[in-house]
Amino acid sequence: MASLSGLYSSSPSLKPSKNLSFKALPPAQSRDSFSFPHTSKPTINLPLTLSSARSLARDISHSDAKKKELVKDPDALWKRYLDWFYQQKDLGLYLDVSRVGFTDEFVAEMEPRFQAAFKAMEDLEKGSIANPDEGRMVGHYWLRDSTLAPKPTLKTLIENTLNSICAFSDDIISGKIKPPTSPEGRFTQILSVGIGGSALGPQFVAEALAPDNPPLKIRFIDNTDPAGIDHQVAQLGAELATTLVIVISKSGGTPETRNGLLEVQKAFRDAGLNFSKQGVAITQENSLLDNTARIEGWLARFPMYDWVGGRTSIMSAVGLLPAALQGINIREMLTGAKIMDEATRTTSIKNNPAALLAMCWYWASDGVGSKDMVVLPYKDSLLLFSRYLQQLVMESLGKEFDLDGNTVNQGLTVYGNKGSTDQHAYIQQLREGVPNFFATFIEVLRDRPPGHDWELEPGVTCGDYLFGMLQGTRSALYANGRESISVTIEEVTPRSVGALIALYERAVGLYASIVNINAYHQPGVEAGKKAAAEVLALQKRVLSVLNEATCKDPVEPLTLEEIADRCHAPEEIEMIYKIIAHMSANDRVLIAEGNCGSPRSIKVYLGECNVDDLYA
Ligand SMILES: O=P(O)(O)OC[C@H]1O[C@H](O)[C@H](O)[C@@H](O)[C@@H]1O
C-alpha cells in the first residue's frame, strides 16, 4: 500500500473558502535629414474587401518573383539603405528596413490597404468602437495625450489619475506615507501581483529603466505557482513589513492574481502584519478586486479603464505607478510615446515608422505569419522587450477569424532574448538552419553613461564588441538570405522606451487593419481558462465521491473507473488519474493502494471521512 498523505484536513483551500476576497469572474468576454519622395496621392479602396487575408496576402507577396532576390551589390544596397532610412530626430530613433526585400511594386500594391488602415486608426483615436466584439473603444493613445480623448470627462479622468499617481508615489518615496509598523521608516519594496498585461509592461519597464538603487525595489508575482510565490515572499523576509503590495488586474477577477493576493495576504497574517495598510489595487471601478480593496480599506486604489486593453495598459496606472515608485520619470515615458504617436499618424508609409514595420512584417511573413519575428535587443536592460512584445503582437494578431467572419488563423510569432548572448545559443540555426524567421535588431548607440568608458584593448571598448556583434550578425544573416529590420535608439531612457512601446503598439494596430482582423480582443484565451475551471470543478467532484466512499464502514477504496462513473464523467478518467496523482504528490490526505505509476491498479480513498462535507 502506498500511503499518500494530505487532503481535507491539510488542504482547506480545496473547500470553498469563506476568506476569499474575490472570485474568478465567469468568462466574458519628422522625419528630417534626408529628403524622401512622397508617395503619390493614394487610391483609397474602402471598405477593404479581402476575400481572405490569407489568399490576398499570397497574391501580393508570393507572386513577386523578386522576393528571394535580396539586393547584394554594395552600391545598390547603400542606395537602398539611404532611400528607406527613417529617423525621428526628437526621439533619436532610427529605423532601417533596407535588409527586408520588399519591392517598389509591393509597396505600391500595399498603398490602398495602408490608407484604409490609417483611416481606421484615425477613427479609433476619435473614439470609434474599434473593438467590435466587445463593443469597446480603444483609447490607449489618449493616455499620453489626454486632449485626444473623445469626451471631456475622460480627459479629466486621465489627468487626475496621472496626478494622483505622481502625488502618491512622491508621498511613498519621501516617507510621508509610512509603513504601519515602521513609523520612523519608509516603504522599501514593491511586490507587484498581476499577470499578462498586468505584469509584462511593468516588468519590461522595471528591467529597462529602474535605477541601480531605486527608492523602492520591485518584485513580481505573475503566476499561481506556489513555489514561485513562496520564493518572492521569502526573498522579502523581514522587509515584508515595508513592502507595498500592488495588485493589478484590469478585470479584477483573474484567478492567478486572486491566488497571488490570497497567498500574500496569508504571508502578512503569518507575519502579524495588517495587509490592508500596505495594499494598493489597480483595477476597473467596481470590479471584485476594487470592491475588496474598498471594503477592506486598502491604502490606495487606482483606476483601469474599459477602453484600455491589458496588453496596451503600460501607460495607464498599470505601468506608471510601479515605474514612478522606482523613481522612473513617467512623464518622459508619456512624452516619448506621444511624440511617436504623432510620428506614426503620418499617412505616408515611407515617413511612418509603424507603417514601415507593419509593411515589413507583411512582406516577410506573407501577411499570414509564415515567418517568425525574432527580436534581438543588443542591450541587457531591454531583455524583456521581446517578452513584452510577445503578448502585444501575438495576443493582438493571433486570430482565427477576420472581421468579416472568414477563417484566417492569423498571427505573427515573436521570440528572442538579447544579443550578443543569443549568438551563443540559437543564432547558428538562424544563420544556417530553417529560414522560417526574420530578425529585428534593437540597437542602442550609447554604450554606458558618459565618463565611464575605457578601452579594453587599443582603440576598442567593450561596447564596440557589442556593436560589432550586432553588425556582424546582421551582415551574416543577410548574406545567407535572412531578412532583418534594425531599430536604433540613442539611449535607453524613459523617453525612448515610451517611444518604442508606442511604435510597436501602432505597428500592431496597422498590421491588424491590413489583414482585416480585430487586434483588441482575445477570444481564444477564454477556452483555456474555461477548461481550467472545469478541471477544478471535476477535482471537487472527485473529492466528494472519495469522501462518500471513505465514510462507509468499512471504507470502500475506489478504482479510477469507479470514481469516474460516480462522478458521472467516464470520459474524464484520464483527468481523474492526473488529479489524483497531483494531489498524491502534494501530501493531501489521500490513500492510494497499488502502484501510482500503473493507473489500472490504483484504489483510492481518503485518510479521513469528513461527515460535514458528506451532507454539504
Ligand atoms: O488584468 P487582468 O484582467 O487580470 O488580465 C490579465 C490578462 O488576462 C488574460 O489572459 C488576457 O488575455 C490578457 O490580455 C490580460 O492581460
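Remember, it's 1-based here, ligands and their atoms both numbered in the order they're listed.
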Legend entry - atom 16 (O) of ligand 1 [closest protein heavy-atom partner, distance rounded to 0.1 Å]: Gly197 N, 2.7 Å

Inset, instruction - Considering heavy atoms of the protein only, find what lies nearest to atom 8 (O) of ligand 1 and give residue, atom and distance to 0.1 Å. - result: Lys529 NZ, 4.0 Å

Legend entry - ligand 1 contacted by Met304 (non-hydrogen, < 4.0 Å): no

Legend entry - Pair Tyr504 + Phe385: ring centers closer than 6.0 Å: yes

Legend entry - Heavy-atom nearest option to atom 5 (O) of ligand 1, drawn from Val193, Thr254, Thr283, Leu289: Thr254

Inset, instruction - Go through ligand 1 atom by atom and flag the ones less than 4.0 Å from a non-hydrogen atom of Ser198. - result: 1 (O), 2 (P)

Legend entry - Donor-acceptor under 3.5 Å (Gln326 side chain, Pro322 main chain): yes

Inset, instruction - Using modelled atom types only, decide if a donor and an acceptor are shared between the side chain of Lys217 and the backbone of Pro214 within a distance under 3.5 Å. - result: no

Inset, instruction - Indicate yes or no: does an N/O atom of Gln391 lie under 3.5 Å from an N/O atom of ligand 1? - result: yes

Legend entry - Side chains of Glu263 and Gln232, donor plus acceptor under 3.5 Å: no

Inset, instruction - Distance to 0.1 Å, residue and atom name: give those for the protein heavy atom nearest to atom 10 (O) of ligand 1. - result: Val525 CG1, 3.5 Å

Inset, instruction - Note the single closest protein heavy atom to atom 6 (C) of ligand 1, along with its residue, its atom name and the distance in Å. - result: Ile195 O, 3.3 Å

Inset, instruction - Mind running side chain to side chain contact (heavy atoms under 4.5 Å, CB included) on Arg506 and Met340 for me, showing each step along the way? - result: CA-CA 9 Å; Arg506 188 79 90 180; Met340 181 54 76; over 6 Å; no

Legend entry - Close approach, Glu256 and ligand 1, non-hydrogen under 4.0 angstrom: no

Legend entry - From the candidates Arg258, Glu395, Arg311, Gln522, the one that places a heavy atom nearest atom 14 (O) of ligand 1: Glu395

Inset, instruction - For the residue pair Asp123 and Ser128, confirm or rule out a side-chain donor-acceptor distance under 3.5 Å. - result: no

Inset, instruction - Indicate yes or no: does an N/O atom of Gly196 lie under 3.5 Å from an N/O atom of ligand 1? - result: no

Inset, instruction - Please assess Met315 against His140 for the test side chain to side chain contact (heavy atoms under 4.5 Å, CB included), listing each intermediate value before the final yes or no. - result: CA-CA 7 Å; Met315 307 274 173; His140 50 275; over 6 Å; no

Inset, instruction - Let me know which of Val492, Asp380, Val487 forms a side-chain contact (heavy atoms from CB on, under 4.5 Å) with Val444. - result: Val492

